[in-house]
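Accompanying notes for the structure given below.
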Amino acid sequence: MSRICEDRIIIVTGAGAGLGREYARALVAAGAKVLVNDIKLEAAQAVADELGPAALANGDDITSMSGARAIVEAAVSRFGDVHGVVNNAGIVRDRMFASLSEDDWDLVVKVHLKGHFCIASTLVQRWRDQVKTTGAKVDARIVNTSSGAGLQGSVGQSNYAAAKGGIASLTLVQAAELGRYGITANALAPAARTGMTEQVFADTMKAPDAGFDFYHPSNVAPLVVWLCSAASAQVSGRVFEVAGGQISVANGWRTGEVIDNKARWKPEAIGDAIESLIAKAQPPQKVYGT
């Protein structure tokens, strides 16, 4: 891999295993310095030890502003600055919706959606201050993690799907608001063999006996490296689906054909209008598991 991220300083959350570990490895190979964050500090330390002086282990909690500030401060103290974050950390608590508890809901939304907010907010305030107070040029990156569940839904994962869908929407707003400061925001919807997928999709995603390992998490890492680099400065507000050697740009919700009644609708008249609109609309992708 070329050193496309030479001297870039990137925070990767959930980097003690799976996708995050592969992102950290690929970023360091591409010339970046990486703060390897994981709530399991021993896992983060093992990755940092493997990567050497270009990596720093950190075990602070991404789901609080104090934890996020500690993560950013650790990166700045060690490496001098931060140029991007890859929000990768996540958990699952899978239940059918009728059996989902309040704790199952709150924990998944907290780790995924609030975790994305806390660290990005901390960094954005830093980057905005650099622009406003010093006039410094900022070329910063937010790389979020949505999922196919967030884009199309997934049976048994309403909490996870809602959080990941929220992350896709968050990415659109970040891109719209932050471009003026030199900050891009994009998101990934990766399909890979990780701790969160290997049980549910064990047969589908298992490694082959020979040939290309389509679902190996390292296949997602090159896109992350490119998104963290200076080369991606003109790309923002996009959600990329990536698996194996495949990359696509997700085509999200758009306003469809409109029927205008030119006056307030009568409820009994709406059914025919809706039937006509649905007949002309592109069908949504099937929810995973249906």
Side-chain angles (χ1 to χ4, degrees), residues 1-13 15 23-24 26-37 51 53-58 60-89 113-145 167-188 222-240 249:
M1 184 180 294
S2 67
R3 295 181 70 81
I4 193 174
C5 283
E6 191 74 47
D7 297 326
R8 301 282 280 175
I9 300 160
I10 308 296
I11 294 168
V12 183
T13 70
Y23 299 162
L27 283 161
V28 168
K33 297 178 178 64
V34 176
L35 182 139
V36 180
N37 168 265
L51 298 178
L56 172 67
N58 174 274
D60 288 302
D61 184 358
I62 63 169
T63 67
S64 71
M65 293 302 291
S66 60
R69 284 191 290 268
I71 293 166
V72 173
E73 288 167 3
V76 172
S77 177
R78 172 68 174 270
F79 299 123
D81 203 351
V82 179
H83 302 114
V85 59
V86 182
N87 284 312
N88 168 74
L113 194 51
K114 188 181 180 186
H116 272 58
F117 164 74
C118 289
I119 196 159
S121 175
T122 301
L123 284 168
V124 164
Q125 291 175 43
R126 173 183 172 82
W127 292 328
R128 182 185 60 182
D129 289 346
Q130 287 176 346
V131 172
K132 288 189 170 183
T133 63
T134 70
K137 181 180 179 181
V138 170
D139 186 26
R141 303 287 179 269
I142 298 171
V143 180
N144 293 326
T145 304
I167 287 167
S169 296
L170 172 66
T171 302
L172 301 181
V173 178
Q174 287 175 327
E177 293 183 356
L178 303 178
R180 73 190 73 177
Y181 304 118
I183 304 166
T184 69
N186 294 284
L188 309 170
L223 176 58
V224 171
V225 170
W226 184 81
L227 286 172
C228 288
S229 76
S232 66
Q234 302 306 312
V235 177
S236 195
R238 299 289 187 170
V239 179
F240 297 94
V249 179

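Remember, it's a predicted structure, so these values are computed and weren't measured experimentally.
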Residue list, salt bridge (Lys or Arg N to Asp or Glu O under 4.0 Å) with Arg126, at least two apart or on another chain | Asp81

Taking all atoms of both residues into account, what is the closest heavy-atom pair of [X] and [Y], and its distance?
X      : Y      : result
His116 : Leu170 : CB-CD2, 4.2 Å
Ala120 : Gln174 : CB-NE2, 3.8 Å
Ser232 : Thr184 : O-CG2, 4.4 Å

At what distance, to the nearest 0.5 angstrom, does [atom1] of [X] lie from [atom2] of [Y]?
X      : Y      : atom1 : atom2 : answer
Ile62  : Asn37  : CD1   : CG    : 6.5 Å
Lys33  : Glu6   : NZ    : CD    : 7.0 Å
Thr63  : Leu113 : OG1   : CG    : 12.0 Å
Ile142 : Asn186 : CD1   : CG    : 9.5 Å
Arg238 : Leu188 : CZ    : CG    : 14.5 Å
Ile9   : Leu27  : CD1   : CG    : 12.5 Å

Is a side-chain N or O of [X] found less than 3.5 angstrom from the main chain of [Y], in a donor-acceptor match?
X      : Y      : result
Asn144 : Asn87  : no
Thr133 : Asp129 : yes
Asn88  : Thr13  : yes
Ser236 : Ala185 : yes
Arg141 : Ser229 : yes
Trp127 : Val82  : yes
Arg8   : Cys228 : yes

So Tyr181 and Lys132, side-chain contact (heavy atoms from CB on, under 4.5 Å) or not? Walk me through it.
-> CA-CA 9 Å; Tyr181 304 118; Lys132 288 189 170 183; 4.2 Å; yes

Thr122 and Met65: side-chain contact (heavy atoms from CB on, under 4.5 Å), yes or no, with the steps?
-> CA-CA 7 Å; Thr122 301; Met65 293 302 291; 3.6 Å; yes

Val34 and Leu51: CA distance, side-chain angles, deciding distance, side-chain contact (heavy atoms from CB on, under 4.5 Å) verdict = CA-CA 9 Å; Val34 176; Leu51 298 178; 5.6 Å; no

Any chance you could lay out the side-chain contact (heavy atoms from CB on, under 4.5 Å) test for Val235 and Trp226, step after step, and finish with the verdict?
-> CA-CA 11 Å; Val235 177; Trp226 184 81; 3.7 Å; yes

Report yes if some heavy atom in the side chain of Ile10 is under 4.5 Å from a heavy atom in the side chain of Tyr23; otherwise report no.
-> no

Do Leu56 and Asn58 touch side chain to side chain, with heavy atoms closer than 4.5 Å?
-> no

